[in-house]
Novice: 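One structure is given below, represented as structure tokens, and several questions about it will come after.
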Amino acid sequence: EAGVVQSPRYKIIEKKQPVAFWCNPISGHNTLYWYLQNLGQGPELLIRYENEEAVDDSQLPKDRFSAERLKGVDSTLKIQPAELGDSAVYLCASSLSRGGAVDTQYFGPGTRLTVL
Amino acid sequence: AQSVTQPDIHITVSEGASLELRCNYSYGATPYLFWYVQSPGQGLQLLLKYFSGDTLVQGIKGFEAEFKRSQSSFNLRKPSVHWSDAAEYFCAVASYTDYKLSFGAGTTVTVRA
């Protein structure tokens, strides 16, 4: 069974440029998560989707970050414009059920963003 | 809100020696507890989880963890470490009413020959 797929794996951009990350969850998983992982820290949730609905985006900096999950499958996370402090690893995860804490979240390899 | 503390930032252990990683959580009710491992360039992989029942939980790769409510701890152990166990380990907590995983800062494990 294929795991969570993310692309690109690495991205280097200049500050103020836009950037987008793509995630394809495990087939059949209707809950999708985007996490931010700063160097030396654990992941922090940015947004959670149940199917195509963003049910929790309270931690997403909406002035520059946006996300979408069209058709309830793939998802894209965008930053526009990027700032130096956005340099981090962006992780996507998915789980089978409707986001219950008891469900195992399966993580992708992440996208490492460097903003110069 | 729940939180997790992993007191050890970095641990070095000899191959074949035992390993114990500490995790302390803060949560008012019964927590759901997890240990994840992250190898370089890889995503997080679930090692084991505790929801209820037996407080000694067995996981993959020979790992186990013990939930101690009185100490608010969920320490991870492995009797004999292999070089492939070198990675970063994260403890996480969630509640039944809040799906969010709150992660600790992680412990980096180095295995020396």
Side-chain angles (χ1 to χ4, degrees), chain A residues 1-10 21 23-26 29-50 53-60 88-112, chain B residues 1-10 21-27 29-53 57 59-60 74 76 87-109:
Chain A
E1 178 183 284
V4 176
V5 179
Q6 291 187 247
S7 68
R9 293 293 309 277
Y10 304 90
F21 315 125
C23 173
N24 180 243
I26 293 173
H29 283 195
N30 51 28
T31 305
L32 184 145
Y33 313 77
W34 282 103
Y35 286 86
L36 166 69
Q37 185 177 18
N38 286 306
L39 186 65
Q41 298 183 24
E44 299 174 19
L45 182 70
L46 288 172
I47 189 169
R48 174 173 73 97
Y49 282 93
E50 288 184 6
E53 181 183 1
V55 294
D56 184 357
D57 62 357
S58 58
Q59 302 302 310
L60 190 71
V89 175
Y90 292 82
L91 294 166
C92 180
S94 68
S95 64
L96 183 60
S97 76
R98 292 190 176 273
V102 298
D103 296 308
T104 298
Q105 295 182 29
Y106 296 87
F107 286 80
T111 296
R112 181 176 296 277
Chain B
Q2 59 265 31
S3 65
V4 173
T5 301
Q6 294 181 246
D8 304 303
I9 297 174
H10 191 188
L21 303 181
R22 296 183 291 165
C23 172
N24 294 100
Y25 68 90
S26 173
Y27 183 62
T30 300
Y32 293 113
L33 295 159
F34 307 79
W35 274 100
Y36 281 85
V37 60
Q38 186 176 34
S39 298
Q42 303 295 316
L44 280 77
Q45 181 184 21
L46 181 70
L47 286 175
L48 47 79
K49 59 188 177 185
Y50 171 78
F51 293 157
S52 64
V57 181
I60 62 171
F74 188 57
L76 182 72
E88 190 155 19
Y89 293 79
F90 293 94
C91 182
V93 64
S95 72
Y96 181 76
T97 57
D98 184 353
Y99 63 90
K100 293 179 184 179
L101 283 176
S102 296
F103 286 87
T107 297
T108 301
V109 173

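Proteins get letters first, then strands, A, B, ... in listed order; numbering begins at 1 in each. Please read these numbers as outputs of a predicted model, since none were measured by experiment.
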Novice: Using a 4.5 angstrom heavy-atom cutoff, name the option from B:Gln38, B:Glu88, B:Gln42 with the most pairs to chain A.
Specialist: B:Gln38
Novice: Using a cut-off of 6.0 Å, state whether more than 12 heavy atoms not belonging to B:Ile60 lie near its atom CD1.
Specialist: yes
Novice: Checking B:Leu101 against A:Tyr35 for the side chain to side chain contact (heavy atoms under 4.5 Å, CB included) test, could you report, in this order, the C-alpha distance in whole Å, the side-chain angles of both residues, the deciding distance, and whether it holds?
Specialist: CA-CA 10 Å; B:Leu101 283 176; A:Tyr35 286 86; 4.0 Å; yes
Novice: Could you check whether atom OH of B:Tyr50 has more than 12 heavy atoms from other residues, nucleotides or ligands sitting under 6.0 Å from it?
Specialist: yes
Novice: Once you round to the nearest 0.5 Å, how far does CZ of B:Phe34 lie from CD of A:Gln105?
Specialist: 7.5 Å
Novice: With a 4.5 angstrom heavy-atom cut-off, could you sort out which part of B:Leu46 is near chain A: side chain, backbone, both or neither?
Specialist: side chain
Novice: Counting only heavy atoms closer than 4.5 Å, note whether A:Gln6 contacts chain B via side chain, backbone, both or neither.
Specialist: neither
Novice: Measuring heavy-atom distances to chain A, does B:Gln45 have an atom under 4.5 Å in its side chain, in its backbone, in both, or in neither?
Specialist: neither
Novice: Below 4.5 Å from any heavy atom of chain B, which atoms of A:Arg112 appear? Answer side chain, backbone, both or neither.
Specialist: neither
Novice: Let me know if A:Thr111 has heavy atoms under 4.5 Å from chain B in its side chain, its backbone, both or neither.
Specialist: neither
Novice: Can you tell me how far CG of A:Leu45 sits from CZ of B:Phe103, rounded to the nearest 0.5 angstrom?
Specialist: 9.5 Å
Novice: Indicate the atoms forming the closest heavy-atom contact of A:Gln41 with B:Phe90, along with that distance.
Specialist: O-CE2, 3.7 Å
